[in-house]
Amino acid sequence: MDRIRIGGGNELNGEIPISGAKNAALPLMIASLLTAETLTLKNLPRLADVQLLKRILHNHGVDQRTDGKRAGQCSQAGETVHFTAADIVDTTAPYNLVSKMRASFWVLGPLLTRFHDTRVSLPGGCAIGTRPVDFYLMALRELGAELDIENGYVVAKAPGGLKGNRITFPMVSVGATHTALMAATLAKGETVIENAAREPEVIDVAECLVKMGAKIDGIGTSTLTIQGVDELHGATHEVLADRIETGTYAMAVAMTGGDVTLRGGRPDNLNSMISVLEQAGATIDVEDNGMRIRRNGNGLKPVDVETQPYPGFPTDLQAQFMALMTRAGGTSVIRETIFENRFMHVQELARLGADISLSGDTATVKGVDQLHGAEVMATDLRASVSLVIAALAAEGESMLHRVYHLDRGFETLEDKLSACGADISRISD
Ligand code: UD1
């Protein structure tokens, strides 16, 4: 199993190219199931989760063709893949694939609305909370689906097709919004989704669906109105830049000090994080094609943060921000309101010398003068990268185990960081 070795203490200086967003790429790939024509996706990140979803789509019978490298393309440019779901051979999404990644459960909406009959295994994924699927099932039932849970599978039928209706989510859910939105595109009549997620990745998917012929009003707001159409068609869409990857590297630079341009990053999708990092003492400049982050000389100030659905501070940056606050000159309070078990990085950060106490959904972080290198273990995707951030600023050497968590969501992380001066390398046994 791969490990990552990090020698702490180097500043980061230079440029980091930002990849396509994992959380947009996955639902965009799933949207290819909605049409018999070809959906071409550009800027797909090379990530383990994308590879796994390719296997799941392949299993359903989706043809996939990847463009070769083009002249002048930088080595870290994303892939262009053509997905064609003309001959679906199987509408079952099996346990052995869906249990590895929660987002693969999202095939439920498109398969049901297009084929009126599907079986999808209940999901797995990061162990950051109970993560139920009740909102997904409620939404599809509102659209007229007949749903049963049998032997760990959701068995869904919609004889005659789904019918538009009003869906009001009790709480903001990204995945349930994707599912309801995709299902509604081919449902008969009008669907109104209230309390919809407004995450940039939901907007990216909605914009792609419009290119495919869907009729959607209210994109970017919490009320989406969809007029169902008989069929969708092919389209070409470029995956949005990853705001979580952008935010993660911004925090790494705030942690180590230095001056880095995050090329292609979209600061307009990171306003809450930018304001928090500025309060913590970093300088951020919005540029034409990205953002520049600097911290020179001055120490880090403590800032209190509470995670919220977009446009609030993202839960997917909570662990990284906690790593940053371990070195602040004072005490910060971090409250996690989205997932109930998203503090598994706390005990690993403690191995590096962090002083963090937990009470319910709140972590109190007392800044320390110095972190010290140690052996640490990745426990989930975002937690793993918080350990990288802490180790980059720790005295001495750290070893990160179980890096397969990291590979699910961060493309060539060691290359991107070492190009900016970090002492980081992968050890493959
Ligand atoms: C997506 C993101 C994940 C991010 C999360 C919140 C992808 C691939 N993953 O995950 O990175 O951390 O949004 O921004 O895009 N809930 C229910 N019942 C449901 C569905 C959700 O109670 O049926 C709860 C969840 O347990 C959680 C909250 O709603 O407490 C929000 O979760 P949700 O937005 O659904 O997260 P995901 O879509 O799984």
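We count ligands from 1, going down the list as the structure has it; atoms in each ligand are counted the same way. All values derive from a computational prediction rather than experimental measurement. The residues of the chain are indexed from 1 along the displayed sequence.
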Any nitrogen or oxygen of R382, side chain or backbone, less than 3.5 Å from one on ligand 1? no
Checking heavy-atom distances from atom 26 (O) of ligand 1 to each of P132, A139, G312, the winner is P132
Looking only at distance, does L26 have an N or O less than 3.5 Å from an N or O of ligand 1? no
Using heavy atoms and a threshold below 4.0 Å, how should the contact between Y136 and ligand 1 be classified: side chain, backbone, both, or neither? both
side-chain hydrogen bond (donor to acceptor under 3.5 Å, both in side chains) partners of residues 232-246, not counting sequence neighbours, each pair once: E201-R243, D204-H237, K211-H237, E245-K416
Answer yes or no for L381: is there a heavy-atom contact with ligand 1 below 4.0 Å? no
When rounded to the nearest 0.5 angstrom, what is the spacing between CG in L392 and CE in M251? 14.0 Å
Kindly identify the option in N23, V133, D134 whose heavy atom sits closest to atom 7 (C) of ligand 1. N23
Should the ring pair Y249 and F410 be called parallel, tilted or perpendicular, given that the plane angle runs from 0 to 90° and is split at 30 and 60? perpendicular
Flag W106 as yes when one of its N or O atoms lies below 3.5 Å from any N or O atom of ligand 1, and as no otherwise. no
Tell me which part of E201 gets within contact of ligand 1: side chain, backbone, both or neither, using heavy atoms under 4.0 Å. neither
Among the heavy atoms of R342, does any lie under 4.0 Å from an atom of ligand 1? yes
Is the number of heavy atoms from other residues, nucleotides or ligands within 6.0 Å of OH (Y95) greater than 12? no
Going by atom types alone, do D380 and H345 pair a side-chain donor with an acceptor below 3.5 Å? no
If we set the cut-off at 4.0 Å for heavy atoms, which region of L137 has an atom near ligand 1: side chain, backbone, both, or neither? neither
How long is the span from the OG1 atom in T307 to the CZ atom in F339, to the nearest 0.5 Å? 9.0 Å
Atom indices of ligand 1 within 4.0 angstrom of T315 heavy atoms, with elements: 6 (C), 12 (O), 14 (O)
Testing the 3.5 Å rule here: is there a donor-acceptor pair between the side chains of T225 and E190? no
Could an N or O of ligand 1 be found under 3.5 Å from any N or O of E199, whether backbone or side chain? no
Modelled atom types, side-chain donor and acceptor of N195 and S222, under 3.5 Å: no
Heavy atoms from other residues, nucleotides or ligands near CD of E231 exceed 12 (cutoff 6.0 Å): no
Mark up the atoms of ligand 1 that fall under 4.0 Å of a heavy atom belonging to V172, in ascending order. 31 (C)
Indicate, as side chain, backbone, both or neither, the part of M171 found under 4.0 angstrom from ligand 1 when only non-hydrogen atoms are considered. side chain
Atoms of ligand 1 under 4.0 Å from any heavy atom of D316, numbered from 1 in the order shown, are 3 (C), 4 (C), 11 (O), 12 (O)
Answer yes or no: does an N/O atom from V174 fall short of 3.5 Å to an N/O atom of ligand 1? yes
Please report whether ligand 1 has a polar contact with G175, defined as an N or O pair separated by less than 3.5 Å (distance criterion only). yes
What part of A176, side chain from CB on, backbone N/CA/C/O, both or neither, has a heavy atom under 4.0 Å from ligand 1? neither
Before accepting this row, confirm whether a basic side-chain N of the pair K157/E146 lies closer than 4.0 Å to the acidic partner's carboxylate O. no
Sequence neighbours left out, cut at 3.5 Å: what donor-acceptor pairs do the side chains of residues 164-177 make with other protein atoms?
unit_1, atom_1, unit_2, atom_2, d
N165, ND2, E142, O, 2.8
R166, NH1, E194, OE2, 2.6
T168, OG1, E194, OE1, 2.9
S173, OG, A176, N, 3.1
T177, OG1, S173, O, 2.6
T177, OG1, A197, N, 3.0

